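This report concerns only the one structure given below.
Sequential numbering from 1 along the given sequence is applied to the chain's residues. The model shown is predicted, which means the values in this text are computed figures rather than measured ones. As a basis for the values below, the full set of heavy atoms in this structure was taken, side chains included, without hydrogen atoms, waters or symmetry mates.
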Amino acid sequence: MSTAEDVLIGVRECVASVLEMPVASIGEEDRLIDDLGAESLDLLDLVFQLEHRFHVSISPGDIERRAKAKLEGKPFEIDGVYTAEALSELRRILPEVPPGELAEGLTVAELPRTFRVSTMANLVSRLMEEKGE
């Protein structure tokens with residue numbers, strides 16, 4: 001069984017590999033896109049590496065799907081902008097993201113910009129826990 005610290009170390013190593021930078025320069029609160037310069041293809045490569053390293057399956061939209069499931073039919077987004085209820089659920093699912101970044105007016109396209117190294121570590125940990133690891 002991996003500890004949260006083991007998962008974080010592994011995620012940082014995967015991020016370093018994908019972005020070709022030293023592990024020591026990657027902090028758990030660094031935003032993948034805005035702080036570390038990841039692009040969409042880098043994120044796909046990162047997901048691939050995380051899946052292989054931790055033996056989990058990360059499906060696109062997993063975070064949104066989990067939030068949407070709690071809304072019980074209420075609108076999740078309107079014209080590409082998250083509703084207040086959706087933002088509330090996203091804040092619950094993404095506690096590592098400062099609430100101000102998950103504020104009114106956030107668009108679906110902007111959500112990945114809030115993802116941090118710790119977001120990926122939390123996602124991997126949750127998926128491993130669900131598998132019973």
Single-linkage hydrophobic cluster [X]~[Y], side-chain heavy atoms < 4.5 angstrom:
{"X": "Ile9", "Y": "Leu46", "answer": "no"}
{"X": "Ile63", "Y": "Leu71", "answer": "yes"}
{"X": "Val81", "Y": "Leu102", "answer": "no"}
{"X": "Ile33", "Y": "Leu50", "answer": "yes"}
{"X": "Met21", "Y": "Val18", "answer": "yes"}

Taking NZ, NE, NH1 and NH2 as the nitrogens, is one of them in [X] or [Y] under 4.0 Å from a carboxylate oxygen of the other?
{"X": "Arg66", "Y": "Glu130", "value": "yes"}
{"X": "Glu129", "Y": "Arg126", "value": "no"}
{"X": "Glu89", "Y": "Lys68", "value": "no"}

Which value, rounded to the nearest 0.5 Å, describes the distance between [X] atom [atom1] and [Y] atom [atom2]?
{"X": "Lys70", "Y": "Ser88", "atom1": "NZ", "atom2": "OG", "answer": "12.0 Å"}
{"X": "Glu13", "Y": "Ile26", "atom1": "CD", "atom2": "CD1", "answer": "9.5 Å"}
{"X": "Leu44", "Y": "Leu41", "atom1": "CG", "atom2": "CG", "answer": "6.0 Å"}
{"X": "Ser125", "Y": "Met120", "atom1": "OG", "atom2": "CE", "answer": "11.5 Å"}

Compare all side-chain heavy atoms of [X] with those of [Y] and state whether any distance is below 4.5 angstrom.
{"X": "Val108", "Y": "Glu64", "result": "yes"}
{"X": "Arg31", "Y": "Phe115", "result": "no"}
{"X": "Val97", "Y": "Leu90", "result": "no"}
{"X": "Met128", "Y": "Val7", "result": "yes"}
{"X": "Val124", "Y": "Asn122", "result": "no"}

Option passing side-chain contact (heavy atoms from CB on, under 4.5 Å) with Val15 (candidates Leu32, Val23, Asp30):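 With Val15 as partner, Leu32, Val23, Asp30 yield a single side-chain contact (heavy atoms from CB on, under 4.5 Å), made by Leu32.
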Show the nearest heavy-atom pair for residues [X] and [Y], with the distance to one decimal.
{"X": "Leu43", "Y": "Ala38", "result": "CD2-CB, 4.1 Å"}
{"X": "Cys14", "Y": "Arg53", "result": "SG-CD, 3.7 Å"}
{"X": "Pro22", "Y": "Ala16", "result": "C-CB, 4.2 Å"}
{"X": "Leu127", "Y": "Ser57", "result": "CD1-O, 3.7 Å"}
{"X": "Ser59", "Y": "Arg65", "result": "OG-NH2, 2.5 Å"}
{"X": "Thr119", "Y": "Glu96", "result": "OG1-OE2, 2.7 Å"}

Pairs meeting criterion ring pair (Phe, Tyr, Trp, His ring centres under 6.0 Å) with involvement of residues 60-101, two or more places apart: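 Of all non-adjacent pairs touching residues 60-101, those that pass ring pair (Phe, Tyr, Trp, His ring centres under 6.0 Å) are Phe76-Tyr82.
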Listed once per pair and sorted, the side chain to side chain donor-acceptor pair (under 3.5 Å) pairs that draw on residues 106-115, sequence neighbours left out: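 Passing the test, one end in residues 106-115: Asp34-Arg113, Thr107-Glu110.
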Pairs touching residues 39-51 that satisfy salt bridge (charged side-chain N to carboxylate O under 4.0 Å, His left out), sequence neighbours left out: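 Sorted result for residues 39-51: empty, none.
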Residues Glu101, Arg116; criterion salt bridge (charged side-chain N to carboxylate O under 4.0 Å, His left out); working and verdict: CA-CA 12 Å; Glu101 290 184 33; Arg116 287 155 164 69; 2.6 Å; yes
side-chain contact (heavy atoms from CB on, under 4.5 Å) between Arg12 and Val117, worked out: CA-CA 7 Å; Arg12 288 178 62 222; Val117 172; 3.8 Å; yes
Val11 vs Glu28, side-chain contact (heavy atoms from CB on, under 4.5 Å): CA-CA, chis, key distance, verdict: CA-CA 9 Å; Val11 169; Glu28 69 181 291; over 6 Å; no
